[in-house]
There are 2 protein chains.
Amino acid sequence: MSVKKYIQDNQEKFLNELIDLLKIPSVSADPKFKDDVFAAAEFVRSSLEKAGADNVELCQTAGYPIVYGEKIINPELPTVLVYGHYDVQPADPYELWDSPPFEPVIKKTERHPEGAIFARGSADDKGQFYMHVKAFEAMMSNDELPCNIKFMIEGEEEVGSEHLDIFVKENKEKLKADVVLVSDTHMISLENPSVTVGLRGLAYMQVEVTGPNRDLHSGTYGGAVANPINILCKMIASLQDENNHITIPGFYDKVETYADDYRKALNDAPFDLEAYKKELDINDVHGEAGYSTIERVGIRPTLDVNGIWGGYTGEGAKTVLPSKAYAKISMRLVPNQDHKEISRLFEEHFKAIAPASVKVKVTPHHGGQAAVVSTETPGYRAADLAIKEAFGKKAIPTREGGSIPICSLFQKELGLDPILLGFGLDTDALHSPNEHYGVKNYYMGIETIALFFKYFKEEASK
Amino acid sequence: MSVKKYIQDNQEKFLNELIDLLKIPSVSADPKFKDDVFAAAEFVRSSLEKAGADNVELCQTAGYPIVYGEKIINPELPTVLVYGHYDVQPADPYELWDSPPFEPVIKKTERHPEGAIFARGSADDKGQFYMHVKAFEAMMSNDELPCNIKFMIEGEEEVGSEHLDIFVKENKEKLKADVVLVSDTHMISLENPSVTVGLRGLAYMQVEVTGPNRDLHSGTYGGAVANPINILCKMIASLQDENNHITIPGFYDKVETYADDYRKALNDAPFDLEAYKKELDINDVHGEAGYSTIERVGIRPTLDVNGIWGGYTGEGAKTVLPSKAYAKISMRLVPNQDHKEISRLFEEHFKAIAPASVKVKVTPHHGGQAAVVSTETPGYRAADLAIKEAFGKKAIPTREGGSIPICSLFQKELGLDPILLGFGLDTDALHSPNEHYGVKNYYMGIETIALFFKYFKEEASK
C-alpha cells in the first residue's frame, strides 16, 4: 500500500511538525496562556488545509475555537468524524521536569527504546490527534482516502469541553457521520495492542472551609476556635471508610456490579503488579477493598483530592490559625452514575458533615459522563482489523480509568459510538511532569489509522 | 512624678518613633527580608544609645544580632533585665490587609476608640518592647531611674530564638539581674488590666507524605495508587478523636490536672463568649470536650495545622494524583510537657500510622517550653502595684495561650522568673492581617513600666 510507504518516507517531516506544535504552551486552564491556545488553534487550522481538507474554519465559541475541516469524496460513502484536542494540561510543577515542558526533546526510555518525545501534550493529546492529520495527508497524497472525513479539534478538553457541548448540539447536521474516531487513550503496550471500550466519568468539585473571619494567632486562639485545615482534613478523611469505600449517601446506588466471568476476563489482561509498583516506586498499591488494581481503575468509582491549600505554606514556621482552607476534589465515575447527580450528592453530604464551628462553600467545577463502547459495531471491527494488520495481533478490549466526557456527548447527541483508538502507554506521564509519547507509537498510530479507514469502508458497507 | 509629665509631653514624638520602626519589614522567617531585619537591629541600637544606655552593642550570632545595652547606676541596687524582639511574623496573606502591613496608619476601632496603629509588629512586639526604651528615656531625662537596667532585644523570636539560647548560656554574668521584664503578651482590657502568669510551650513540625514517585493522571491511576493528600488528611484527622483529645500515645502523660477551685478562679476572669464569637464571626467555638474556652487556651495543650499544601492549587481544574503532600503542624504545650519529648512522640506516632502505600518524612521545626510565673515574687508585686497606680485597679493574673519559649530559658539559665507585663489586647490580630496596637495602650504601658521600676526597687529591697 503506497500510503504506508508515504508514511515511512515522511517520518522525519511528520515528527518535526509535531515538535513545532508541542512548542506552543496551549494551557487552557490558565488565562495567562490565552494567546498560545489561540496560536495552537491556528496551527491546526493551517495543517488541515495543507493536508487537503475543505471548508477548514475556526469555529468561534464563548471560549476557545473548535477547528473544523472536512473532505467529502462521495456522499454515498461512510463518514468518519475525527475528534481531538489541541489544549494541554498545566505543566506545573515545572521544577520536576527534566527538560522544559514546551521545548520538546527526544530521549530513549525503558518502555520506549526507540525514543520518546518529552513535552507537555505529547501524548495528551497533540501527538495523538496529529496522527490523524498525517494519516489523512498520506491518504490524500495517494488518492487513497476510502471514506469521507470530518475533523473536529477543540481547545477546552482539559477544562470540561463546555463549549464543544453547545457546538455539537447546534451542529448535528454538519457533524453527521457514521463513527467518531478518537485517539486520546492508551494501549497496554506495542506488544499487547488494545482498544479502550470503557471510560470513567468525572465530577470535579472545589471546597472552601471558613473558620474565624481572619487568620488568628494559634497560641491565643488555638484549641478554642475551629481550625479550618484540621476540620477540612477530618471532613475529607470521612469521605472514605477503612475499606476505601466512599461514604457519600447514594454514591454507589447506580454503580454496576459485574458477573465473575466478566471480572475474570478483565483481570486476564496482561498486568504485572510488581513492575507497576516498581515503576511508581511504591511499596504497596492502595484502593477499594475487594477489587484488583485493574478493577479499581476500570470498573469502580474513586474520590481523589487533586489539590489542597490553606494557612502558611512559605519558608519557616508561622504559628497561624488560618481563616480558610481549600481543596479540589474529583470523583471518577462509572457508567450510569450521572455526574450532575453525584455532584449534588457530594455537595449535600459535604455541607451536612461540617460542624457548626465552620462555614462551607462547595463549587462544582466541571464533569462528564462515563462511557462504554460496544465491540459489536463496524467501527470496533475496523479498529480490530487495522490493529491486527499493523501489529500482527488481535486488539485486547480494555477499560480505562480516565475520562473523555465528550464520548457520552457523541453517543447522546450524534448517536455515534466513539472508537477509542489510542496509542499512548500508561507510563507516558499524562498530566505529570516529563509527559512523553513514543516515536514508534506515533508512526505506528499513523499507519493504523490509515488502515482503519480502509477497513471501516468495508465493515460499514456490510 | 515628673517622669509621668515627660511621657505625656512626648507622646507625639514617642508615637512617630514607633511608626518609623514599624516601617521596617523585619520578617525573620523569610530570607528575602534579611537586610531589613538587620536594619531593625540597628534602629534599636541607636535608639537605646539616644535614650542614654551604656555599652550598647549588636551582639552578632550565627543568625540575627541581639541588641544589648545597659545603665548601671549603682551595683548595690536591683537590676531589671528587659527582653523583647525586633523581628516580626510574615505579613502574608497581604491581600487581606486593609492597609499595607509596613505602612503604619492610625485608625479607631471598637476596642480602641482613641485609635490604634495598624502595622505588622505593632503589638508583637515592636510596639511593646519600644515602650521600655521610652520609659527608660523618660526616667533618664529626669534622673529618676530607680534601678539598674539591662536591655536584651533579639531578632529571632518568631523563628525559635535558637541563637538567643546560646547567647544566654554564654553570657550569664553579663545578663545577671534580679528580674526579667517582658512585654510581649496581652491584658484582658484597659478596664480589666491583667498580668500573664502562664504561657504555653510549642512544638512545631513539618510533615511530608510521598505517594508515587511523580504526579499521576488521576484517571489512569486514581483508586489504585495512594493519593498522598487523601492519606495526609486521614493521618491528620486521626490525631484528634471525636472529643478533640489528641491521640498521640503519651501526649498527656505529664499534663497537669487542676483542682476545681483553681479552674473556677480561672473561669471567673471577665470573658464574654457571645462577644468572642461575634468578633470572630463564628457560630460556635470548637475545642476539647470538658473544658471552657478560657481553659482550652490556658491550661490545655492543642494541635493545630498551621499550613497545608499539595497537588494543583492554581486556577481551574487539574486532574492530578500528586506525588507529595505537606503540612506544618504545631502543638501548644502546658507546663511539664517537654517540647523535645513531644516532638519525638509526634514523629514516632505519625510514622507509625502511615500506611505501607506512602513514605513519610517528619521534620521538627522549632519549639519551646511552657512557663508558669509565681505571683509571690517582688517582681510580680511590683507589677501589681504599678498597674494599680496607673489603672486604679488590681491586676488579674491570667494564663495565656501563646508561647514565649525564652521564658523557661530565663528560669533555667538565669534563675529568673520573667514578669509578663503586656499591654496588647487579644483582638489586636497578632500574627494576622491588620495587626494593630492601641495608642492608649502604648502610652499607658510606658507609664506603667516606669512605675514598675519605682516599685521594684522597694519590693526587691524588702
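Since the structure is predicted, the reported quantities are computational estimates derived from the model, not experimental observations. Lettering of chains follows the sequences in order, A, B, ..., and the numbering in each one begins at 1.
The shortest heavy-atom contact between Asp281(B) and Lys359(A) is O-NZ, 2.7 Å. The shortest heavy-atom contact between Ile308(B) and Thr313(A) is O-CG2, 3.5 Å. Across all non-hydrogen atoms, the minimal contact from His365(B) to Gly316(A) is NE2-O, 3.6 Å. Considering all non-hydrogen atoms of both residues, Val305(A) and Asn227(B) come closest at O-ND2, 2.9 Å. Contact between Ser432(B) and His217(A) at its shortest, heavy atoms only, is OG-N, 4.1 Å. For the pair Ala317(B) and Ala29(A), the tightest heavy-atom approach, listed with the atom from each and the gap, is O-CB, 4.4 Å.
If you measure heavy-atom distances from Glu288(A) to chain B, the contacts under 4.5 Å come from the backbone alone. With a 4.5 Å cut-off on non-hydrogen atoms, Lys318(A) touches chain B through its backbone and its side chain both. Heavy-atom distances place both the backbone and the side chain of Pro90(A) under 4.5 Å from chain B. Neither the backbone nor the side chain of Ile294(A) comes within contact range of chain B; no heavy atom of the residue lies under 4.5 Å from a heavy atom of that chain. Residue Val159(A) does not touch chain B at all, counting heavy-atom pairs closer than 4.5 Å. Contact annotation for Pro31(B): only side-chain heavy atoms (C-beta onward) come within less than 4.5 Å of a heavy atom of chain A. The contact between Tyr221(B) and chain A is made by backbone and side chain atoms together, counting heavy-atom distances below 4.5 Å. Neither the backbone nor the side chain of Glu295(A) comes within contact range of chain B, judged by heavy atoms closer than 4.5 Å. Residue contact with chain B, scored on non-hydrogen atoms closer than 4.5 Å, involves the backbone and the side chain of Leu303(A) alike. Looking at Glu158(B), only its backbone comes within 4.5 Å of chain A, counting heavy atoms on both sides. Contacts of Tyr204(A) with chain B are made by side-chain atoms alone, with heavy-atom separations under 4.5 Å and no backbone atom involved. Of the atoms belonging to Ile329(B), not a single heavy atom falls under 4.5 Å from chain A. At a 4.5 Å heavy-atom cutoff, Lys277(B) makes no contact with chain A through either its backbone or its side chain.
Residues satisfying the side chain to side chain donor-acceptor pair (under 3.5 Å) test with Thr185(A), not counting sequence neighbours, are none.
Pairs engaging residues 211-227 of chain B under the salt bridge (charged side-chain N to carboxylate O under 4.0 Å, His left out) rule: Glu279(A)-Arg214(B) [sequence neighbours left out].
Most heavy-atom pairs under 4.5 Å with chain A, from the set Leu216(B), Ile229(B), Asp124(B), Ile236(B): that is Ile229(B). Counting heavy-atom pairs under 4.5 Å between each of Asn434(A), Asn230(A), Asp284(A) and chain B puts Asn230(A) at the top. The greatest number of non-hydrogen atom pairs below 4.5 Å with chain B, out of Asn213(A), Leu430(A), Thr302(A), Val297(A), is found for Asn213(A). Among the candidates Glu400(A), His186(A), Lys328(A), the residue making the largest number of heavy-atom pairs closer than 4.5 Å to chain B is Lys328(A). Of the listed residues (Thr293(B), Leu96(B), Thr220(B), Ile231(B)), the one with the most heavy-atom contacts under 4.5 Å to chain A is Thr220(B). Heavy-atom pairs under 4.5 Å with chain A peak, among Ser357(B), Ala429(B), Gly311(B), at Ser357(B). The greatest number of non-hydrogen atom pairs below 4.5 Å with chain A, out of Gly160(B), Ala226(B), Gly287(B), is found for Ala226(B). Counting heavy-atom pairs closer than 4.5 Å to chain A, the top-ranked of the candidates Ala237(B), Ala325(B), Cys233(B) is Cys233(B).
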When you look at Asn306(B) and Ser218(A), which way does the side chain to side chain contact (heavy atoms under 4.5 Å, CB included) test go after all the steps?
CA-CA 8 Å; Asn306(B) 303 108; Ser218(A) 71; 3.7 Å; yes
What verdict does the side chain to side chain contact (heavy atoms under 4.5 Å, CB included) test give for Ile282(A) and Val358(B), after you've listed the backbone C-alpha separation in whole Å, the side-chain angles of each residue and the deciding distance to 0.1 Å?
CA-CA 7 Å; Ile282(A) 54 177; Val358(B) 299; over 6 Å; no
Walk me through it: do His286(B) and Val225(A) pass the test side chain to side chain contact (heavy atoms under 4.5 Å, CB included)?
CA-CA 5 Å; His286(B) 183 96; Val225(A) 175; over 6 Å; no
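A donor-acceptor contact under 3.5 angstrom links the side chains of His431(A) and Thr319(B), judged on distance only.
No donor-acceptor pair under 3.5 Å is formed between the side chain of Lys234(A) and the backbone N or O of Glu242(B). A donor-acceptor contact shorter than 3.5 Å is absent between the side chain of Asp304(A) and the backbone of Leu321(B). At distances below 3.5 Å, at least one donor-acceptor pair connects side-chain atoms of Arg200(B) with backbone N or O atoms of Gly219(A).
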